[in-house]
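A short worksheet on the structure shown next.
To find a chain, count down the sequence lines: A is the first, B the second, and so on, and within it residues start at 1.
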Protein chains: 2
Amino acid sequence: MSIEAPAPKTTRVRRTPEAARENILAAAEALLVSQGPQAIKLADVAKAAGVVHANVIHHFGSIAGVETALMERMIRQLAEKVLTALDRDDAVLGVGAQALFDAFEAKGAARLAAWLELTGEGARMTLVREVVEAIIDTRVARDTGVDREAAVDFVMLNIILAVGVGLFGPTLSALLGRPSERPRELALELIEGRLSASQQGG
Amino acid sequence: MSIEAPAPKTTRVRRTPEAARENILAAAEALLVSQGPQAIKLADVAKAAGVVHANVIHHFGSIAGVETALMERMIRQLAEKVLTALDRDDAVLGVGAQALFDAFEAKGAARLAAWLELTGEGARMTLVREVVEAIIDTRVARDTGVDREAAVDFVMLNIILAVGVGLFGPTLSALLGRPSERPRELALELIEGRLSASQQGG
DNA sequence: GCCTCTATTGACATTTTTGTCAGTACAACT
DNA sequence: AGTTGTACTGACAAAAATGTCAATAGAGGC
């Protein structure tokens with residue numbers, strides 16, 4: 001009987017650093033969306049990602065590192081989503097506004113925004129500013145013919161409303177006995193109303 | 001030299017149970033508003049309230065007890081604020097809507113709502129439902145003459161917008177280089193616009 | 001004044017969460 | 001095949017957060 005090479009205790013998945021980080025961040029995002037920021041614990045994130053918590057530390061240095069990386073990732077995804085949506089259908093403003101609304105109304109985006117706000121990291125939204133300015137420069141101002149400040153106001157209101165709907169729409173509509181899609185409909189009506197009003201007015 | 005009674009090691013403040021709870025909850029609320037839900041730690045709350053953390057446990061049983069008590073207190077305050085505001089100036093709908101808006105736009109209320117939502121405690125807002133229904137029954141439906149569902153929709157939209165402005169208005173306006181009061185103005189314009197539109201329409 | 005009740009405290013104990021480290025296993029390169 | 005680099009793991013250590021308990025000290029009633 002020859003002595004065999006000792007079998008590995010455990011068979012491991014070995015990812016590229018990028019894939020490993022992505023895997024962990026995806027798990028963390030799922031936790032954030034489903035259970036809130038408080039649920040982003042080292043052990044829980046690691047478990048959800050299918051790795052050991054020391055591995056999370058290895059890739060991000062600390063739990064705070066995971067948090068900031070997650071914030072940045074989500075913001076970047078949000079920005080890309082908005083830009084590609086605006087890009088695909090070369091929209092008139094109305095459709096552009098819908099794309100903007102869609103992006104911010106998404107549960108993940110809304111919760112990200114609330115998280116940033118509650119933790120005082122709202123300043124991290126700078127990427128969002130760039131996106132907004134890109135939108136305004138390339139679309140809104142052209143389509144409406146209104147001045148830049150009015151365009152910024154419009155987009156700002158759009159975002160506030162969208163995030164509000166994404167965050168509170170489900171709970172509020174359930175609480176008040178209204179259809180779950182109602183908040184979104186109402187908000188879009190409102191935006192369209194303002195749009196047509198401003199087109200008439202100026 | 002007579003033997004004196006040993007002086008107390010520390011001089012204590014002794015409150016009624018209600019006052020003690022109130023003191024602690026006020027400190028916790030300040031922490032919540034200024035630093036977010038994550039900042040509600042046993043030691044920090046106790047420190048802010050000027051007591052020892054064992055004392056917090058004594059009055060609330062656990063840190064979770066503090067959290068739920070704080071939620072309930074804030075919700076109750078919010079409800080009272082709305083109802084008294086509506087009560088004071090026997091308002092036409094426009095003013096009533098402003099009072100509603102004011103109450104929910106307040107930083108504390110907005111952050112409370114976001115906190116409840118993120119932690120999955122949105123269902124706690126039941127008191128809010130009662131308030132909304134009270135408003136609708138006593139004011140909105142009468143003033144506008146629209147049907148009940150439309151009134152509920154209107155109030156719901158009002159709340160979503162107000163909380164959105166309270167939560168994200170400051171950060172977004174700063175980020176986009178607009179005056180800090182602009183989000184509020186825009187939102188109120190929007191609400192008034194919808195109001196007059198619905199009064200014309202039905 | 002003395003007694004009783006309990007809000008309050010300090011010190012300790014437990015649990016939770018985060019971080020460290022030496023060693024192991026997978027992949028690429030020679 | 002051997003070598004090298006590093007993603008990965010298990011076990012341990014440290015820190016942070018929560019909770020327990022006996023003792024103390026205000027305040028009101030006797």
* To do: Nearest-nucleotide wise, let me know which of B:A64 and B:V13 is further upstream toward the 5' end of DNA chain D.
  => B:A64
* Structure fact -> To the nearest angstrom, the NE2-P distance between A:H58 and C:dC21 comes to 15 Å
* To do: When you get a sec, tell me which of C:dT8, D:dG19, D:dA17 is the closest nucleotide to the side chain of B:I57?
  => D:dG19
* Are B:E18 and B:R21 close enough for a salt bridge, meaning some N to O gap below 4.0 Å? -> no
* To do: Would you indicate, yes or no, if C:dT9 has its OP1 or OP2 atom less than 4.0 angstrom from a side-chain nitrogen or oxygen of B:N55?
  => yes
* Asked: Between B:R182 and B:E189, is there a salt bridge with N-O shorter than 4.0 Å?
  -> yes
* Would you sort out whether B:T119 and A:Q38 count as a side chain to side chain donor-acceptor pair (under 3.5 Å), showing the intermediate values? => CA-CA 8 Å; B:T119 55; A:Q38 322 245 28; 6.0 Å; no
* If you look at every strand shown and take non-hydrogen atoms under 4.0 Å, does A:T16 touch a base, only sugar-phosphate, or nothing? -> nothing
* To do: Could you tell me whether a side-chain N or O of B:R178 sits under 3.5 Å from a main-chain N or O of A:D153, the two making a donor and an acceptor?
  => no
* Which part of the nucleic acid, if any, lies within contact of A:A54, taking any heavy atom under 4.0 Å across all strands shown: a base, the sugar-phosphate backbone alone, or nothing? -> base
* **d(NZ, A:K41; P, D:dA16) in whole Å** => 14 Å
* With a non-hydrogen cut-off below 4.0 angstrom, is B:H59 in contact with a base, only sugar-phosphate, or nothing? -> sugar-phosphate
* Structure fact -> Out of C:dA7, C:dG19, D:dT18, minimum distance to the side chain of B:I63 belongs to D:dT18
* To do: Would you indicate whether B:E149, at its atom CD, is surrounded by more than 12 heavy atoms from other residues, nucleotides or ligands within a distance under 6.0 Å?
  => no
* Asked: Could you give the CD-to-C1' distance, from B:E22 to C:dA7, as a whole number of Å?
  -> 17 Å
* Nearest to side-chain heavy atoms of B:H53, which nucleotide of C:dA11, C:dT6, C:dG19 -> C:dA11
* Asked: How many Å lie between CD on A:E18 and C1' on D:dT6, as a whole number?
  -> 13 Å
* Interatomic distance, B:E67 CD vs D:dT18 C1' [rounded to whole Å] -> 12 Å
* Which of these nucleotides, C:dT9, C:dT8, D:dG26, is closest to any side-chain atom of B:R14? -> D:dG26
* **Separation of D:dC12 C1' from A:L42 CG (nearest whole Å)** => 15 Å
* Under-3.5 Å donor-acceptor pair between A:R12 side chain and C:dT24 base -> yes
* Asked: Whole-Å distance between C:dT16 P and B:Q38 CD?
  -> 19 Å
